[in-house]
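Below: one structure, written as C-alpha cells.
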Amino acid sequence: MNYFNLLLTRIKTEMEDLQAAGTLPLGLDFGPVGLDPPKDPRHGDVSTNAAMVLAKAAGKSPRDIASALVARLKAYPDTEAAEVAGPGFINLRLKAPFWYERLGEALLAGDAYGRSQFGASKGAINVEFVSANPTGPMHVGHARGAVFGDALATLLEFTGHDVKREYYINDAGAQVEVLARSAYLRYREALGDKIEIPSGLYPGEYLKDVGEGLVELYKSRFHNAPESEWLEPFREFAVAEMMGEIRDDLELLGVRHDVFTSERALVKQGKVDAALGDLKAKGLIYEGVLEPPKGKEPEDWEPRQQTLFRSTQFGDDIDRPVQKSDGSWTYFATDIAYHADKIRRGFGTLVDVWGADHGGYVKRMQAAVKAQSDGKVALDVKLCQLVKLMERGEPVKMSKRAGTFVTLKDVVDRVGRDVVRFIMLTRRNDAQLDFDYALVTEESRENPVFYVQYAHARCHSVLRNAAKEMPGVDLSAAALAKVELPRLTHPDELALIKVLASWPRSVESAAEAHEPHRVAFWLRDLAATFHALWNRGKEEEALRFLVDGDPSLTLARMALVRGCALGLAVGLRIMGVTPVEELR
RNA sequence: GCGCCCGUAGCUCAGUGGAUUAGAGCACUGGCCUCCGAAGCCAGGGGUCGCAGGUUCGAAUCCUGCCGGGCGCGCCA
C-alpha cells in the first residue's frame, strides 16, 4: 500500500468534512493538493501543501485552513504530531505502529511488494525499443536502449499497465539492399573468388558466415548471375540471419519482445498507402517546395517539388517529405504507417526508445501520431544518450572502419548480464553514460551493482545465521509479518522501515515518469540505510540483528532484515538483475 | 541560422513547484575490524544550482533572453 495515498485520502476526507461543517466552501478542486516527504526529516514524515493551494479559492488565509485541518488530523491515533509550519504547510509525524503496519504489509506482499493497479485504467501501452537495423551485430550503444526499454516495460507491468514490448525491423530500405550486396560478395568469396569490398558496402567479418550459408543453400547458382536475380533472395536470407544474431544478443541480455513488426510487411500489405491516404483525406498531404535551411545552406541545394506532410500543424518546425522522387516512400512515410498500425491496434500510449542521434525526428513523429489519432494517443519518445566505453578512466577506441567496435556480446561476455543491465540504468536516459570496464567489475561502494548486491547478500547472510541459531523457527516473510514488530524501537530501525515503506510510491512515480533509473537510485538508498544499521551493530552490540537470549527481539529484527531483502530483490528484478544471496 | 537535450560540490551525477541548512558517490582529512561478511560504516571541509530578468505566498525546478557543451537539420535508415 502506498502510504502517501492513504494519508492523502485521509486529508481529503477531512477537508470534505470541513466543507460539510461550513468551514471551507463547496466546489474546491483538490487536484493540486500534494503530499510529499519534507527535505528535512525534522519537519515530519510527510508534508502537505493543501492549505496553501486552496487558500485563494477558499477565500481564507492558508494558516487558518491549516489550523482547522491540523485539529482534525491530530485526532488520528496513529498520528504523533500535526503542525502548521511556515506559510501554511501541514507537517505530519506518524507513530511507530504506523510504520510497523507498513513493514507488515511489505512482508505479506512478498515478491509482489509495491505491485499495483496504478496503470490499469490508463489503457494499453506499447513500448518499442532496440529496433536495431538488421545489418550487423548489436553494439554497446544498442544495449542501453535494450535494457532501458525492457526495464521500463517491466516497471509498467509491475504497476498494472497493459504493456506490449515491440521491435520494429527496418527490413525495407536501401540499407538492407546494401546488406544483400555485401552478402553477395561474401557468397562469391565462399565460392573461391578473390573479393574486394568497395566503400559503401558492409565490410564486417560477420558476413562471412552469411556467405557460406548462401553457398550451402544455393550452391553456385547465383555465382555470376545478375543482381536482379539474387538481390531478393539474398536480402531475405541475410536479414533473417542478422535478426537471428540480434535475437541471440537480446537473449544474452535477458531482453524479450512480444511483437516483431516488419517494415517490409507493412509496405507489402499496403499499409503505407492506406495511412498516407488517410492523411490526404484529412488534407494534410500536399505537393510543395520547402524553404532551404536557414543559415548554413547545403551546397547542392535547389528548390524541389515534393510530397509533404503538414507536420507544422502539429508543432513541427517544417513540413516533412513522405515520398522520394522515384515515387517510393521515405522512411518517415513508412514510420507514419507503422505508428498508424500501433494506433489501430488500440494503444493509448506509445513509447519509442531511440538513440539520441534521432532527436531531430521526435517532433515530426509526434506530429504524425497526433494527426492520425486526432490527438487521442500520446507518443513519448525516450532518447538514450551515448554510452562511452572506458577502461580505467581511458576511453576505449572504437572504429567501425577498422573493425574494432565493441559488440554487445563482447561486453556481456566480459562483465556479465546483471552488471550491464544495472549500470545502464544508473543514469537518466538523456544523460551520457560512462561504462568503465574496470569500475563495473570492481567490488566497492563505487560500483553500484556490488553495493546493492552486497546489501542483499548481507541480509541473507544474517537470515542464514538466524536459521542456524534458531532451528525450526519459521523465518519466511509471511511468518515474520506476525512477529512482535513493536520491539523495533531504535530510530535507525525505523529509518530503514521508512525507506522500505517508500517503495510503492517510488515505483509508481518511476513508472509514471517512464524513468526506470529511479528504481536504481531507490535501491542504492535502501542499501545504504541497511549497511548503516548493520554497522551500527558493530559499535552498539545491543543493535545487532541476532540478540542472544531475546528471541522475540531477534525475530522482530529478522522481519526487518527480511523486508529489506525483499525490497532489494523486488527492485532488482524490475531492472532485470538477479538478486544474489551470496557473494563469492 | 533553426530545433531538441544538457549545464547542480574539484570529478561523476540525483533532485524538476515547496520552506530554516540543495543531496549522494568519488577525491581530500580524521576515526571504526578478537565483533551477525570492513566488498562496509561514521565524522569533517567543499556549492552565487551557467548568467540576467520575469511569474508565484514560494523557483535548482515554470516562462523569456543570453552564454557554454552535445545531437540533429530536403528523397539516410
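In the text below, chain A, chain B and the rest are named by the order of the sequence lines, each starting its count at 1. Since this is a predicted model, take the numbers as computed values, not measurements.
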*Please report, rounded to the nearest Å, how far the C1' atom of rC26(B) is from the CE atom of Met390(A).*
14 Å

_Any carboxylate oxygen within less than 4.0 angstrom of a Lys/Arg side-chain nitrogen, looking at Arg536(A) and Asp492(A)?_
yes

*asked:* Measuring only the C1' atom in each nucleotide, how far is rU48(B) from rA60(B)? A whole number of Å is fine.
replied: 12 Å

*Tyr451(A) side chain N/O closer than 4.0 Å to the phosphate oxygens (OP1, OP2) of rC41(B)?*
yes

*Quick one: what's the B/S/- string for nucleotides 30-36 of chain B, heavy-atom cutoff under 4.0 Å, read 5' to 3'?*
-----BB

*asked:* When you compare the side chain of Leu207(A) with that of Glu241(A), does any pair of heavy atoms fall below 4.5 Å?
replied: no

*Aromatic ring centroids of His531(A) and Tyr451(A) under 6.0 Å?*
yes

*Sticking with atom C1', work out how far rC5(B) lies from rG45(B), rounded to a whole angstrom.*
35 Å

*Check whether more than 12 heavy atoms from other residues, nucleotides or ligands sit under 6.0 Å from atom NZ of Lys280(A), and answer yes or no.*
no

*Are the charged groups of Arg557(A) and Glu493(A) less than 4.0 angstrom apart, N to O?*
yes

*asked:* With rounding to the closest Å, how many angstrom separate the C1' atoms on rU61(B) and rG23(B)?
replied: 15 Å

*Could you check whether Phe521(A) and the base of rA14(B) form a stacked pair, meaning centres closer than 5.5 Å and planes differing by less than 30°?*
no

*Are side-chain heavy atoms of Thr312(A) and Phe314(A) found at a separation under 4.5 Å?*
no

*Closest-nucleotide 5' rank along RNA chain B - winner of Glu582(A) and Ala172(A)*: Glu582(A)

*When we call it a touch if two heavy atoms are under 4.0 Å apart, what does His358(A) touch: a base, just sugar-phosphate, or nothing?*
base

_Syn or anti conformation of rC33(B), syn meaning chi within 90° of 0_ = syn

*Could you work out the separation of rA77(B) and rG15(B) based on their P atoms and round it to a whole Å?*
37 Å

*To the nearest angstrom, how far is Asn133(A) atom CG from rA77(B) atom P?*
10 Å

_Assigned partner base of rG25(B), Watson-Crick or wobble definition, under 3.5 Å_ = rC11(B)

*So Tyr361(A) and His358(A), would you call those rings parallel, tilted or perpendicular, with 30° and 60° as cut-offs?*
perpendicular

*Would you call the rings of Tyr168(A) and Tyr338(A) parallel, tilted or perpendicular if under 30° counts as parallel and over 60° as perpendicular?*
parallel

_Looking at Asn91(A) and rA19(B), is any side-chain donor or acceptor paired with a base atom of the opposite kind under 3.5 Å?_
yes

*Mind checking who rU34(B) pairs with, Watson-Crick or G-U wobble, both distances under 3.5 Å?*
none

*When you compare rC66(B) with rG58(B), how far apart are their C1' atoms, in angstrom units rounded to a whole number?*
26 Å

*Taking the P atom of each, how far is rC49(B) from rU21(B), in whole Å?*
14 Å

N/O contacts under 3.5 Å, protein versus nucleotides 21-23 of chain B?
residue	atom	partner	partner atom	Å
rU21(B)	N3	Arg42(A)	NH2	3.1
rU21(B)	O4	Arg42(A)	NH1	2.9
rU21(B)	O4	Arg42(A)	NH2	2.1

*Identify whether any heavy atom of Gln453(A) sits under 4.0 Å from a base atom; if not, whether one sits that close to sugar-phosphate; answer base, sugar-phosphate or nothing.*
nothing

*Out of rA77(B), rC57(B), rA19(B), which nucleotide sits closest to the side chain of Gln175(A)?*
rA77(B)

*Report the C-alpha separation of Glu508(A) and Arg505(A) in whole Å, then their side-chain angles, then the decisive distance to 0.1 Å, and conclude whether the salt bridge (Lys or Arg N to Asp or Glu O under 4.0 Å) test is met.*
CA-CA 5 Å; Glu508(A) 194 174 294; Arg505(A) 171 187 154 97; over 6 Å; no

*Donor/acceptor link under 3.5 angstrom from Arg304(A) side chain onto base of rG74(B)*: yes

*Do side-chain atoms of Thr307(A) reach the backbone of Glu287(A) as a donor and acceptor pair under 3.5 angstrom?*
no

*Answer with base, sugar-phosphate or nothing: what part of the nucleic acid does Thr135(A) contact at a heavy-atom distance below 4.0 Å?*
nothing

*Could you work out the separation of rG68(B) and rG25(B) based on their C1' atoms and round it to a whole Å?*
26 Å

*Taking side chain as C-beta onward, heavy atoms only, is Val452(A) less than 4.5 Å from Leu523(A)?*
yes

_Pick the closest RNA chain B nucleotide for Leu583(A) and for Phe332(A) by heavy atoms, then say which residue is nearer the 5' end._
Leu583(A)

*So does Lys268(A) have more than 12 non-hydrogen atoms from other groups sitting under 6.0 Å from NZ?*
no

*Base-pairing mate for rG1(B) - Watson-Crick or G-U, with both contacts under 3.5 Å*: rC73(B)

*Is Asn49(A) touching bases, backbone alone, or none of the nucleic acid, heavy atoms closer than 4.0 Å?*
base

*What distance do Glu177(A) atom CD and Leu201(A) atom CG have between them, rounded to the nearest 0.5 Å?*
12.0 Å

*For rG45(B), which nucleotide is its Watson-Crick or G-U wobble mate, given both distances must be under 3.5 Å?*
none

*What is the nucleic acid contact for Gln305(A), judged by heavy atoms within less than 4.0 Å: base, sugar-phosphate only, or nothing?*
nothing

*Aromatic plane relationship, Phe332(A) with Phe309(A) - under 30° parallel, 30 to 60° tilted, over 60° perpendicular*: tilted

_What's the closest nucleotide to the side chain of His517(A) if the choices are rA14(B), rG18(B), rG74(B)?_
rA14(B)

*Minimum-distance nucleotide to Glu263(A) side chain [options: rU16(B), rA77(B), rG40(B)]*: rA77(B)

*Under a 3.5 Å cut-off for both distances, is rC66(B) Watson-Crick or wobble paired, and to whom?*
rG50(B)

_Below 4.0 Å: OP1/OP2 of rC13(B) and any side-chain N or O of Arg427(A)_ = yes

*Produce a footprint string for nucleotides 3-8 of chain B: one letter per nucleotide, 5' end first; B if the base is under 4.0 Å from any protein heavy atom, S if only the sugar-phosphate is, - if neither.*
SSSS--

